[in-house]
Every structure is written in C-alpha cells, then in structure tokens.
**Student:** 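Below are the structure tokens for one structure; questions will follow.
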Amino acid sequence: MVVCIYGYVGIINSQINSNKIDIFLISRRSIFHSGTRYITRGLDDNGHVANFVETEQIVKCNHNLFSFMQLRGSVPIFFEQPGISAQTIITRNSEMTSPAFKKHINEIKEDFNYIYLVNLMNVNKPNEQIITKNYETQIKNIEVKNCKYLYWDFQNQCKFDNYENLDIFVENLESVFKIFKYFHENNKGEIIKEQNGIIRTNCLDCLDRTNVIQARIAWKSLERHVIKFFLKIFLVKFA
C-alpha cells in the first residue's frame with residue numbers, strides 16, 4: 001500500500017537536554033481551484049483560491065502537544081497572467097468579485113475568529129501592484145470583523161540583503177501571537193489552549209517570499225512553545 005497526501009509531511013526527532021522532542025510539519029494543499037503556476041491564479045466563484053495551503057507545525061515533548069497553523073494562498077480576486085510575459089489581467093470588477101471574496105474569508109472564519117492578512121507583493125511592479133490595489137479594495141469594502149491587513153513589500157524591505165528587517169517584521173507580530181494563541185494539550189489529555197486566529201500570507205505565486213515569511217513565523221512559534229514548556233519544567237523542578 002502506498003500512502004499519498006496532496007501536500008507534505010516532515011518529521012524531526014531530537015532532544016533538548018534529556019527530554020525527547022518530536023517536531024512534525026504538515027502542509028495540506030486544497031484540492032479546489034488547483035493547477036500549475038501561471039495557469040491557475042486567483043479566485044473561483046466558490047471562494048477557493050489557487051495554491052491554498054494549510055500548514056501545521058506540531059511539537060510533542062513529554063506527552064505535551066503544541067500545534068500552530070498558518071495559511072497561504074493566491075490573492076482572492078479574479079485575475080489571469082497568460083502568455084510568457086505574464087501580464088496581469090483583472091477579469092472581474094470589484095462588484096462582481098465581492099461575493100466570491102466574501103465566501104473565501106467566511107470559510108476561514110468558520111475555523112478561526114481572527115484573520116491576519118499579510119501581502120508581500122512589490123509596490124514597484126505594475127503586474128503585482130494592480131493585484132494589490134484590487135485586493136485592498138475588497139478588504140475595504142467588506143469590512144470583516146476581526147480581520148486585519150498588512151502590506152509588507154518583501155523585496156524592497158529586504159533589498160541589498162537587509163534581512164535583519166525580517167527579524168523586525170516577526171517582532172512586530174508579538175501582539176498577534178498573543179491574541180491568536182496556539183493549541184496545547186497537556187500530558188493528561190486536557191486541552192489547555194486553542195488557536196483562535198490565523199495568519200494568511202501571500203506573494204504573487206505564494207512560493208518564495210511566502211516561504212521565507214512563513215518559515216520565520218513558524219520558527220518564532222517554535223521558540224514560544226519550547227521556551228514555555230521548558231520554563232515550566234524548570235520552575236517545577238526548582239520550586
């Protein structure tokens with residue numbers, strides 16, 4: 001039997017001091033509005049977007065389980081980029097886009113109370129800026145409760161290898177981490193905490209730039225889990 005997943009599973013087994021720690025990374029890609037890069041873009045009428053991926057990192061240590069989830073996906077508007085030059089064509093106006101856009105946001109809201117939309121596209125590239133402009137119009141028009149938006153121009157922020165700006169970006173998410181929380185089940189099987197908000201990140205293809213930002217967010221989340229757990233062990237041991 002061959003086990004298949006439309007996504008990715010990675011497992012790391014390690015230890016910190018004498019404590020065994022297992023880290024799992026699971027990315028689940030949506031089966032809806034799927035297709036290859038440049039062929040399948042944006043949104044469909046059911047609110048599904050291209051390259052929509054839910055990534056969950058799970059940390060297990062001493063029978064405690066921590067989980068943190070993120071989303072990535074194409075910008076939820078109707079656009080195409082046909083041909084080799086990949087010029088952006090907006091295929092529906094704002095009014096005709098709104099119903100499908102609302103479906104997409106509401107589907108996320110079914111699982112999470114809070115949504116933080118992070119857009120990483122370049123302000124100096126017309127093919128990206130026209131998408132951003134239409135995206136921001138939809139966000140402004142629907143006024144979804146507990147839905148915040150951040151435009152962070154990755155390529156210009158990190159220009160000339162200014163990657164220290166990535167650290168500043170993640171540090172500025174501290175309040176988001178506190179509000180959104182994460183899932184925690186203790187060694188007695190009791191649910192101590194649940195994640196009630198999610199960060200949804202996009203660039204143009206939801207690949208390279210999104211990968212970097214999601215990796216930094218994931219690393220910060222991992223730090224929070226490990227520090228919280230081992231600080232608790234330390235306090236119990238030396239109380």
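Because the structure is predicted, anything quoted here is derived from the model rather than measured.
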**Student:** Distance check, rounded to the nearest 0.5 Å: L65 atom CG versus I191 atom CD1?
**Tutor:** 10.0 Å
**Student:** Can you see which heavy atom on Y6 is nearest to which on S30, and at what distance?
**Tutor:**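 Closest pair (atom of Y6, atom of S30, distance): CE2-O, 3.1 Å.
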**Student:** If we ignore hydrogens and angles and just use 3.5 Å, is the side chain of N186 paired with the main-chain N or O of G189 as donor and acceptor?
**Tutor:**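 Confirmed, N186 side chain pairs with G189 backbone.
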**Student:** Between L117 and Y135, is there a side-chain heavy-atom distance shorter than 4.5 Å?
**Tutor:** yes
**Student:** Nearest 0.5 Å, please: how far is CD1 in I217 from CD in Q70?
**Tutor:** 4.5 Å
**Student:** Hydrophobic clusters here meaning ILVMFWY residues chained together by side-chain heavy-atom distances under 4.5 Å, can you tell me if I139 and V176 are in one?
**Tutor:** no
**Student:** Sequence neighbours excluded, which residues qualify as salt bridge (charged side-chain N to carboxylate O under 4.0 Å, His left out) partners of R37?
**Tutor:**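 Residues passing salt bridge (charged side-chain N to carboxylate O under 4.0 Å, His left out) with R37: D205.
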**Student:** Transitively linked via ILVMFWY side-chain contacts under 4.5 Å: I130 with V75?
**Tutor:** yes
**Student:** Check for a donor-acceptor pair, side chain of N106 on one end and backbone N or O of K103 on the other, with a separation under 3.5 Å.
**Tutor:**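 Looks like no, no N/O pair under 3.5 Å.
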**Student:** Using a 4.5 Å cut-off on heavy atoms from C-beta on, say whether the side chain of L120 contacts that of T210.
**Tutor:**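 Contact flag for T210/L120 side chains = yes.
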**Student:** Taking side-chain contact (heavy atoms from CB on, under 4.5 Å) as the definition, give me every residue that meets it alongside Q155, ordered by chain and number, with sequence neighbours left out.
**Tutor:** N122, K125, D153, R209
**Student:** Indicate yes or no: at least one non-hydrogen side-chain atom of Y8 is less than 4.5 angstrom from one of T55.
**Tutor:** no
**Student:** Looking at G35 and T40, what are the two nearest heavy atoms and their distance?
**Tutor:** CA-OG1, 3.2 Å
**Student:** Report yes or no: does N46 contribute a side-chain atom to a donor-acceptor pair with the main-chain N or O of H48 at less than 3.5 Å?
**Tutor:** no
**Student:** Taking all heavy atoms of N119 and all of T132, pick out the closest pair and write down the distance.
**Tutor:**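 So the minimum-distance heavy-atom pair works out to ND2-OG1, 3.1 Å.
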**Student:** Between A100 and D44, which heavy-atom pair has the shortest distance, and what is it?
**Tutor:** CB-O, 3.4 Å
**Student:** Side chain of E128, backbone of V123: donor and acceptor closer than 3.5 Å?
**Tutor:** no
**Student:** Going by the rule salt bridge (charged side-chain N to carboxylate O under 4.0 Å, His left out), which residues pair with R29 if we only count those two or more places apart in sequence or in a different chain?
**Tutor:**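 None.
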**Student:** Give me the one residue out of I77, T137, N134 that meets side chain to side chain contact (heavy atoms under 4.5 Å, CB included) with T97.
**Tutor:** I77
**Student:** Going by the rule salt bridge (charged side-chain N to carboxylate O under 4.0 Å, His left out), which residues pair with E136 if we only count those two or more places apart in sequence or in a different chain?
**Tutor:** none
**Student:** Taking the side chain as C-beta and beyond, is there a heavy-atom pair between I192 and F66 under 4.5 Å?
**Tutor:**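 I192 does not reach F66 side chain to side chain.
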**Student:** Checking F183 against I58 for the side-chain contact (heavy atoms from CB on, under 4.5 Å) test, could you report, in this order, the C-alpha distance in whole Å, the side-chain angles of both residues, the deciding distance, and whether it holds?
**Tutor:** CA-CA 9 Å; F183 179 87; I58 301 169; over 6 Å; no
**Student:** Hey, is CD on Q15 packed in by over 12 heavy atoms from elsewhere, all under 6.0 Å?
**Tutor:** yes
**Student:** State yes or no: do L25 and F68 share one hydrophobic cluster built from I, L, V, M, F, W and Y residues joined by side-chain heavy-atom distances below 4.5 Å, directly or via other members?
**Tutor:** no
**Student:** So is K148 actually on top of Y114's ring, under 6.0 Å and inside 45° of the axis?
**Tutor:**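 No.
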**Student:** Using every non-hydrogen atom in the two residues, find where N62 and N187 come nearest and quote the distance to one decimal.
**Tutor:** O-CB, 3.7 Å
**Student:** Mark yes or no for whether N51, through its side chain, and S74, through its backbone, hold a donor-acceptor pair below 3.5 Å.
**Tutor:** no
**Student:** With sequence neighbours left out, which residue pairs that include part of residues 94-113 fulfil the ring-ring contact (aromatic ring centres under 6.0 Å, His included) condition?
**Tutor:**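 For residues 94-113: F52-H104.
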**Student:** Counting C-beta onward and ignoring hydrogens, is there a side-chain heavy-atom pair between T201 and F154 closer than 4.5 Å?
**Tutor:**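 When only atoms from C-beta onward are counted, F154 and T201 do not touch, as no gap falls below 4.5 Å.
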**Student:** Check whether any side-chain N or O of R200 sits under 3.5 Å from a backbone N or O of I115 as a donor-acceptor pair, and report yes or no.
**Tutor:** no
**Student:** Are Q157 and N162 close enough that some pair of their side-chain heavy atoms sits under 4.5 Å apart?
**Tutor:**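 No. Closest side-chain heavy atoms not under 4.5 Å.
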**Student:** Just so I know, are the side chains of L166 and C158 near enough to count as touching, which here means a heavy-atom distance under 4.5 Å?
**Tutor:**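 They are in side-chain contact.
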**Student:** Does M69 offer a backbone N or O that forms a donor-acceptor pair with the side chain of Q195 under 3.5 Å?
**Tutor:** yes
**Student:** Just how far is it from atom CG of N64 to atom CD of E185, taken to the nearest 0.5 Å?
**Tutor:** 8.5 Å
**Student:** Report whether L204 and V212 are members of the same hydrophobic cluster (ILVMFWY, side-chain heavy atoms less than 4.5 Å apart, transitive linking).
**Tutor:** no
**Student:** Does the distance from a Lys or Arg side-chain N to an Asp or Glu carboxylate O, for R41 and E80, drop under 4.0 Å?
**Tutor:**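 No salt bridge links R41 with E80.
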**Student:** In Å and rounded to the nearest 0.5 Å, what is the CG to CG distance from N146 to N113?
**Tutor:** 7.0 Å
**Student:** Might you point out which heavy atoms bring S67 and E56 nearest each other, and give the distance in Å?
**Tutor:**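 Taking S67 first and E56 second, the nearest heavy atoms are OG-OE2, 2.5 Å.
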**Student:** Once you round to the nearest 0.5 Å, how far does OH of Y116 lie from CZ of F180?
**Tutor:**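 Y116 atom OH to F180 atom CZ measures 8.0 Å (nearest 0.5 Å).
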**Student:** Can F79 be reached from Y38 by stepping across I, L, V, M, F, W or Y side chains whose heavy atoms are under 4.5 Å apart?
**Tutor:**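 No, separate clusters.
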**Student:** Can you tell me if K109 has over 12 outside heavy atoms packed within less than 6.0 Å of its NZ?
**Tutor:** yes
**Student:** Any chance you could measure I131, atom CD1, to M121, atom CE, to the nearest 0.5 Å?
**Tutor:**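 I131 atom CD1 to M121 atom CE measures 4.5 Å (nearest 0.5 Å).
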**Student:** Do any N or O atoms from the side chain of S27 and from the backbone of G7 form a donor-acceptor pair under 3.5 angstrom?
**Tutor:** no
**Student:** Take the angle between the ring planes of Y182 and H184 and call it parallel below 30°, perpendicular above 60°, tilted in between.
**Tutor:**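 Because their plane-to-plane angle lies in the 30° to 60° range, the rings of Y182 and H184 count as tilted.
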**Student:** Tell me the side chain to side chain donor-acceptor pair (under 3.5 Å) pairs involving residues 164-178, sequence neighbours left out?
**Tutor:**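 Only D167-R216, E174-R224 qualify under side chain to side chain donor-acceptor pair (under 3.5 Å).
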**Student:** Kindly determine whether K220 and L173 satisfy side-chain contact (heavy atoms from CB on, under 4.5 Å), including the steps that lead there.
**Tutor:** CA-CA 10 Å; K220 187 64 177 180; L173 292 179; over 6 Å; no
**Student:** Take S94 and N141 through the test side-chain hydrogen bond (donor to acceptor under 3.5 Å, both in side chains) and record every step on the way to the result.
**Tutor:** CA-CA 9 Å; S94 175; N141 287 347; 3.3 Å; yes
**Student:** Could you check whether any side-chain heavy atom of I199 comes within less than 4.5 Å of a side-chain heavy atom of Q214, counting everything from C-beta outward?
**Tutor:**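 No, their side chains stay 4.5 Å or more apart.
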